[in-house]
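Report on the structure given below.
First the proteins, then the strands, lettered A, B, ... as listed; each starts at 1.
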Amino acid sequence: MECGVRSVGMAGVPRALYLQPTLDAAKSLIGKVLLRQTDEGPISGLIVETEAYLTGDPANHASRGMTNRNRTMFGPPGHAYVYKVHMQCCINAVAQPEGVAEAVLIRALMPLQGVELMRRNRGVDDLRALCSGPGKLTRALGIDRSLDGCDLVEGPVLIVEPDEELGDLGLVQTTRIGIRVAADEPWRFYSKAHERWVSRKATRP
DNA sequence: ATGACGATGCACT
DNA sequence: GTGCATCGTCATG
């Protein structure tokens, strides 16, 4: 039986997850499932890598106030902030009560459902390359800016519990990737048990 | 109207 | 490790 999703129409993880301190929310999202419902069926993957973006953090898109691009970050928790960078889109879960504007970037997935759709969407065959980066995984799941603001508790993009117990993940905490400011803050998290699926391993333990 | 700049990915050394 | 394609967004004039 295929792992990852029970049925279409299920609810996402409770909104309370996104009201924890954002670093805790980023840890809690490791081992959950990101699910996109499409006409051709579900596409999903286990969240294995995240990053937190906090208040007063110069790398946070919201750190210089609300703009047209980042307005979703200032909205209610548990919604998807989808933004474009270069040619890619990236997806975040908005954390904290409305107006606070913190978020968790989803950086890598272990593919679960809809792998052939992912291969078609990405135009690559290698399973390990399908979702091992924030721009790769959105492309694999068919997520673009039209889904900005979507409720991750209700869909059509959701974060749900995995349907099997995962055991010990061995959470790794390390520095964030691809930023020029606040680059030393250890606000990236990944599952050591799923290290082969992450975008990049920690350089120093 | 225009210029600077990416929370990237990929090709290449 | 380095270089760069490529374009939406934002700040500025």
message: Using side-chain heavy atoms (C-beta onward) and a distance below 4.5 Å, is A/Trp197 in contact with A/Pro111?
response: yes
message: Stem finding on DNA chain B, please: runs of three or more consecutive Watson-Crick or G-U wobble pairs, both distances under 3.5 Å, sorted by first number.
response: B:1-6 with C:7-12, B:8-12 with C:1-5
- request: Classify every nucleotide of nucleotides 3-13 of chain B by which part a protein heavy atom approaches to under 4.0 Å, writing B for the base, S for the sugar-phosphate alone and - for neither, in 5'-to-3' order.
  value: ---BBBSS---
- request: Taking heavy atoms of chain A and a 4.0 Å limit, find me the 5'-most and 3'-most nucleotide of DNA chain C within that range.
  value: C/dA5 to C/dC10
Cut-off 3.5 Å, no hydrogens considered: what does the side-chain donor-acceptor table look like for residues 97-105 of chain A, sequence neighbours left out?
unit_1   : atom_1 : unit_2  : atom_2 : d
A/Glu102 : OE1    : A/Thr22 : OG1    : 2.6
A/Glu102 : OE2    : A/Thr55 : N      : 2.9
A/Glu102 : OE2    : A/Thr55 : OG1    : 2.6

query: Hey, quick one: are A/Val94 and A/Leu54 part of the same hydrophobic cluster, counting side-chain heavy atoms closer than 4.5 Å, chains of contacts allowed?
result: no
query: A/Lys136 and A/Ser132: side-chain donor and acceptor closer than 3.5 Å?
result: yes
task: Check for a donor-acceptor pair, side chain of A/Arg122 on one end and backbone N or O of A/Cys131 on the other, with a separation under 3.5 Å.
output: no
- prompt: How would you label the contact of A/Arg145 with the nucleic acid (heavy atoms, under 4.0 Å): base, sugar-phosphate, or nothing?
  reply: sugar-phosphate
- request: Using heavy atoms and a sub-4.0 Å distance, could you list which residues of residues 182-197 of chain A are near DNA chain C? By number, please.
  value: none
- prompt: A/Asp184 side chain to A/Thr175 main-chain N or O, any donor-acceptor pair under 3.5 Å?
  reply: no
message: Run the side-chain contact (heavy atoms from CB on, under 4.5 Å) test against A/Asp151 and tell me which residues pass, sequence neighbours left out.
response: A/Arg15, A/His79, A/Val153, A/Glu154
